[in-house]
Amino acid sequence: MKSCSSSGDNISAPEKTWFVVWVKSRAEKSVRDSLTSKGFEAYVASRHEMHTWRRGERRKVERVLIPSVVFVRMTKKDRLIIEDTPNVCAIMLDPAKRGLRSKGLDEYASISDDEMRLFQQMLMQDDVDVGFTNHDFAVGDYVRILDFDESCNRAQIVRVFGDNKTYVGVRVSFLGCAYMQVPLDRIEKEKEE
């Protein structure tokens with residue numbers, strides 16, 4: 001981080017972080033372009049694909065993968081500039097910090113630079129499909145399978161594919177990991193103690 005010195009003191013510049021900005025439908029690219037022209041680093045999760053029109057015309061188009069979302073690298077003080085941008089609806093608040101809002105401490109959902117770089121690299125891979133899921137199960141989480149016997153219903157998430165394919169497994173000594181696909185409505189995350 002760069003720092004400025006004035007009269008012998010080191011004052012750090014505010015650290016920029018990636019935030020999630022909600023925008024109007026189909027305005028992702030125009031908001032990105034507008035914010036970029038204002039000096040912000042803005043990113044739309046998209047892919048370039050070849051599209052064939054009815055008349056047989058083929059053209060490469062940018063397809064938005066997360067509708068109504070633009071990622072913006074900024075400081076929290078930049079909030080007013082971002083919210084004043086045409087077609088911007090709001091900056092996403094972190095759902096895990098809801099209780100802080102009642103105390104006047106709005107906490108925004110942020111993404112680290114490392115996570116954002118990895119995400120961008122994933123989307124640049126033309127030969128690999130990148131899927132999104134809106135559930136909070138992750139590989140390694142321990143879950144209960146709801147309709148299994150109480151004494152043997154603890155399993156671990158071993159694979160997650162999109163919103164509809166979640167695999168749980170059990171490690172069997174010397175054999176590896178046995179796993180099966182389980183619908184999301186049949187599992188629940190174990191409560192942390």
Side-chain angles (χ1 to χ4, degrees), residues 1-3 12-23 25-51 60-79 81-82 85 88-98 100 106-143 155-169 171 177 179 181-182 184 187 189-190 192:
M1 183 186 310
K2 293 181 181 178
S3 60
S12 297
E15 189 172 330
K16 290 189 175 189
T17 307
W18 287 96
F19 291 94
V20 180
V21 176
W22 294 112
V23 301
S25 180
R26 299 179 186 255
E28 302 89 356
K29 294 181 264 185
S30 65
V31 169
R32 173 197 58 202
D33 297 344
S34 176
L35 291 173
T36 301
S37 71
K38 292 179 183 181
F40 290 99
E41 202 174 335
Y43 179 75
V44 171
S46 62
R47 279 216 160 140
H48 286 88
E49 299 176 345
M50 194 58 77
H51 184 78
K60 210 169 200 178
V61 296
E62 183 181 6
R63 182 172 67 93
V64 174
L65 299 174
I66 307 177
S68 300
V69 169
V70 176
F71 299 93
V72 182
R73 192 165 185 265
M74 62 180 187
T75 65
K76 287 184 183 180
K77 289 183 178 184
D78 293 328
R79 180 180 67 102
I81 298 169
I82 301 300
T85 302
V88 168
C89 300
I91 301 171
M92 178 190 251
L93 294 171
D94 187 340
K97 299 179 181 172
R98 276 198 181 127
L100 296 177
D106 284 353
E107 277 301 319
Y108 299 99
S110 64
I111 302 166
S112 74
D113 286 343
D114 290 342
E115 289 171 327
M116 196 66 199
R117 275 193 298 272
L118 178 60
F119 179 55
Q120 290 170 326
Q121 288 293 313
M122 289 171 66
L123 292 177
M124 282 194 260
Q125 306 303 310
D126 291 333
D127 57 341
V128 178
D129 282 335
V130 177
F132 295 92
T133 181
N134 61 7
H135 60 75
D136 64 350
F137 294 116
V139 172
D141 287 348
Y142 283 96
V143 295
Q156 188 174 22
I157 302 288
V158 292
R159 289 185 179 178
V160 176
F161 292 108
D163 287 332
N164 55 0
K165 293 184 182 176
T166 302
Y167 292 84
V168 298
R171 186 148 310 276
C177 182
Y179 63 91
Q181 182 178 340
V182 179
L184 290 175
I187 60 176
K189 196 181 276 191
E190 281 191 352
E192 295 180 20

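Predicted model only: the values in this text are computed from it and were never measured. Just so you know, these numbers use all the heavy atoms, side chains as well, and skip hydrogens, waters and symmetry mates.
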Checklist entry - How many angstroms lie between CE in Met116 and OG in Ser110, if you round to the nearest 0.5 Å? => result 12.0 Å
Checklist entry - Between atom CD of Glu49 and atom NZ of Lys60, what is the distance when rounded to the nearest 0.5 Å? => result 10.0 Å
Item to check | Evaluation steps, side chain to side chain donor-acceptor pair (under 3.5 Å), between Asp78 and Thr75 | outcome: CA-CA 5 Å; Asp78 293 328; Thr75 65; 3.1 Å; yes
Checklist entry - Minimum heavy-atom separation for His51 to Val61, with atom names? => result CB-CG2, 3.8 Å
Checklist entry - Is there a side-chain contact between Phe71 and Ile66, using heavy atoms and a 4.5 Å cut-off? => result yes
Item to check | Listed partners of Asp113 passing side chain to side chain contact (heavy atoms under 4.5 Å, CB included), at least two apart | outcome: Trp18, Arg73, Arg117
Item to check | Least distance between heavy atoms, Leu65 atom then Arg47 atom | outcome: CD1-CG, 3.8 Å
Checklist outcome for this item: Applying side chain to side chain donor-acceptor pair (under 3.5 Å) to Lys29 and not counting sequence neighbours gives none
Item to check | Non-neighbouring partners of His48 that pass ring-ring contact (aromatic ring centres under 6.0 Å, His included), sequence neighbours left out | outcome: none
Next on the checklist: If the test is side chain to side chain contact (heavy atoms under 4.5 Å, CB included), which one of Val23, Val44, Val69 qualifies with Val31?
Outcome noted: Val23
Checklist entry - Does the side chain of Ile82 reach to within under 4.5 Å of the side chain of Phe40, using non-hydrogen atoms? => result yes
Item to check | Partner residues of Ser46 under the side chain to side chain donor-acceptor pair (under 3.5 Å) criterion, sequence neighbours left out | outcome: Glu62
Checklist outcome for this item: Taking every heavy atom of Val21 against every heavy atom of Val72, the minimum-distance pair comes out as CG2-CG2, 3.6 Å
Item to check | side chain to side chain contact (heavy atoms under 4.5 Å, CB included) partners for Ser37, two or more places apart | outcome: none
Item to check | Asp141: salt bridge (Lys or Arg N to Asp or Glu O under 4.0 Å) partners, not counting sequence neighbours | outcome: Lys189
Checklist outcome for this item: The side chain to side chain donor-acceptor pair (under 3.5 Å) partners of Glu41 (sequence neighbours excluded) come to none
Checklist entry - Residues in side chain to side chain donor-acceptor pair (under 3.5 Å) with Thr36, at least two apart? => result none
Next on the checklist: Less than 4.5 Å apart, side chain to side chain, heavy atoms only: is that true for Ile91 and Met74?
Outcome noted: yes
Item to check | Qualifying residues under side chain to side chain contact (heavy atoms under 4.5 Å, CB included), relative to Thr85, sequence neighbours excluded | outcome: Ser34, Leu35, Lys38, Val88
Next on the checklist: Can you list everything that forms a ring-ring contact (aromatic ring centres under 6.0 Å, His included) with Tyr43? Sequence neighbours excluded, please.
Outcome noted: none
Checklist entry - Can you tell me how far CZ of Phe119 sits from CE of Met124, rounded to the nearest 0.5 angstrom? => result 11.0 Å
Item to check | Taking every non-hydrogen atom, the tightest pair across Ser25 and Ser68 | outcome: CA-OG, 3.8 Å
